[in-house]
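Read through the structure below, which is laid out as structure tokens, and then see the notes.
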Amino acid sequence: MKLVKDYMHKDITMLSEQSSLREVIQVMKRHRMSAVSIVDHNGYLVGCVTAQDILTASVPDYMKSMYNTSFMANIDQVTSHLRSILNTPAIYLIDKKCTFLTPTDSMSYAADLLSRDRRTILPVVDEKNQVGWITKIDIISMALDDELANS
Amino acid sequence: MILTVTLNPAIDKFLVLKQFAVHRLHRLDRSEQSTISAGGKGVNIAINLKKLGNEVIATGFAGGHSGHLLCDEIRRHGITTSFIFSEGLTRTNISILDQNNETLTGINDVGQNIPKEDLRLFMDNYARMLHRVSLVVIGGSLPQGLTEEVYCELIRMAHNKGIQVVLHTSPNHLDAMLDANPNIIIPDMRSYHELMGKPCDGITRFLEVGRDLLALNPDTRLVVFIHRIENVIAIGRESSYIMRPRQLQIVNMLGYADAYLAGIVHAIRQDMSLKDSLLFASAAGLANVESINKDLDDTAAIHTNLSRIDMEEI
């Protein structure tokens, strides 16, 4: 069986609960990651902040009521609202419904979870410690690995 | 789990040429080699430790596209990365091996300039890492903007958690941090002949300075001078040893110290005795210098090399 631990991206870039949104964006940009793990003082995973979470937070509340129509927020309104919340601690931005994988989960389960939850990236956690990430790219690139193995 | 700290890592560009001359254009032919790999002392030690079967997390500073190359290369070996990406680029160190003249030329870049804010992120991250590791290995030079106080603090933080620290750096940094008390000190004496303000070359001087280091640092249990591969001197609290390899055939000295370091750390983790650990480390160093590669590519050679190390108590 193909296991998560054999395919995961073994990077554990993380920020503390008190880190600001400014730091979260900076780390995402420098690390070229679409999510950052947020951990407590012991290093235990509390949750993740994804680029999608930040985009959602960047739309001012008064605009959200119009969201289900064909409304599209103006980029200047989004960035100026984002600038006004740059000092917000990461803990207020984490996705509380964020699911995670364990190293011994199967890749089938990982693929299912990623697609069911409509996510691009999921943290891999071993006894509260994050040990890596699985992305949709990791799932789809398995097709190329299999092709290589079978050729 | 072992944590390796490389505050000033590098991309190693390694050129193996038949002959190297300054002031002329050299085009590589097919018989020559050009490789790029993740480098910096702590990183090299991490790669060797992984090859010996240990689980490793590598931390430090990285930056820009060369920083991503660095981390990708480290992960390719199965090591977990936890680097702080800072301003600027991860440096490139160039080594040129001239096979005809048997010379090794190195050009080491300065490295990134680390702002205070990124140092804080690094220290916070290091503190969290200490919750999941049982040994810390610190290796190499400091990037611009940081002083030896950072190394002292890293050692103190590890000791506060009861975690031992192995330190491998040059006298430049070592002199400034003598009160930090690392558990094993392996001075990087390649470009230096003095340590603690005293001349430090030759067996008698190594013994003298090693004993001074032990006297000053109550937690230090071992000092090893390794750069003279034909006479490696280990100074312990109860006994000191000299290790001499037989029929040494040097192919490439690059990476020798990092293989030695990984060897001694691995042996200690396997609960080997001091004597066996020193023999294993020397055998690992030997396996490295007798191969063209910078990293330990043939760990089986370590076991066959063990019988080629003469050990004498001094």
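Convention: sequence-line order gives letters A, B, ...; per-chain numbering from 1.
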Exceeds 12 heavy-atom contacts within 6.0 angstrom, atom NZ of A:Lys5: no

Output for pair (A:Lys29 NZ, B:Phe85 CZ), nearest 0.5 Å, gives 14.0 Å

Neighbour count >12 (heavy atoms, 6.0 Å) for atom CD1, A:Ile137: no

Would you check if A:Lys10 and B:His77 make a side-chain contact, meaning some heavy-atom pair closer than 4.5 Å? no

What part of A:Gln26 is in contact with chain B, defined as an atom under 4.5 angstrom from a non-hydrogen atom: side chain, backbone, both or neither? neither

B:Arg120 versus chain A, heavy atoms under 4.5 Å apart: side chain, backbone, both or neither? side chain

Which distance, rounded to the nearest 0.5 Å, do you find between the CD1 of B:Ile57 and the CG of A:Asp11? 10.5 Å

A:His31 vs B:Cys71, test: side-chain contact (heavy atoms from CB on, under 4.5 Å). Steps then yes/no. CA-CA 10 Å; A:His31 284 256; B:Cys71 291; over 6 Å; no

Interatomic spacing from CZ in A:Arg32 to NE2 in B:His65 - rounded to 0.5 Å: 8.5 Å

Correct closest heavy-atom pair for B:Leu121 and A:Leu15 would be CD2-CD2, 3.7 Å

Tell me which of these, B:Ile79, B:Ile74, B:Asp124, B:Thr81, has more heavy-atom pairs under 4.5 Å with chain A than the rest. B:Thr81

Non-hydrogen atoms of B:Arg128 and A:Ser16 that approach each other most closely: NH1-CB, 3.7 Å

So does A:Arg22 pair up with B:Glu117, basic N to acidic O under 4.0 Å? no

Full working for side-chain contact (heavy atoms from CB on, under 4.5 Å) between A:Asn129 and B:His131: CA-CA 10 Å; A:Asn129 282 318; B:His131 286 278; 5.9 Å; no

Determine, step by step, whether B:Arg132 and A:Asp126 satisfy the salt bridge (charged side-chain N to carboxylate O under 4.0 Å, His left out) criterion, reporting the C-alpha distance in whole Å, the side-chain angles of both residues, the deciding distance to 0.1 Å, and the verdict. CA-CA 11 Å; B:Arg132 47 165 112 178; A:Asp126 187 15; over 6 Å; no

What part of B:Asn125 gets closer than 4.5 Å to chain A, counting heavy atoms only: side chain, backbone, both or neither? side chain

Taking side chain as everything from C-beta outward and backbone as N, CA, C, O, which of these in B:Glu87 sits under 4.5 Å from a heavy atom of chain A? Side chain, backbone, both or neither. both

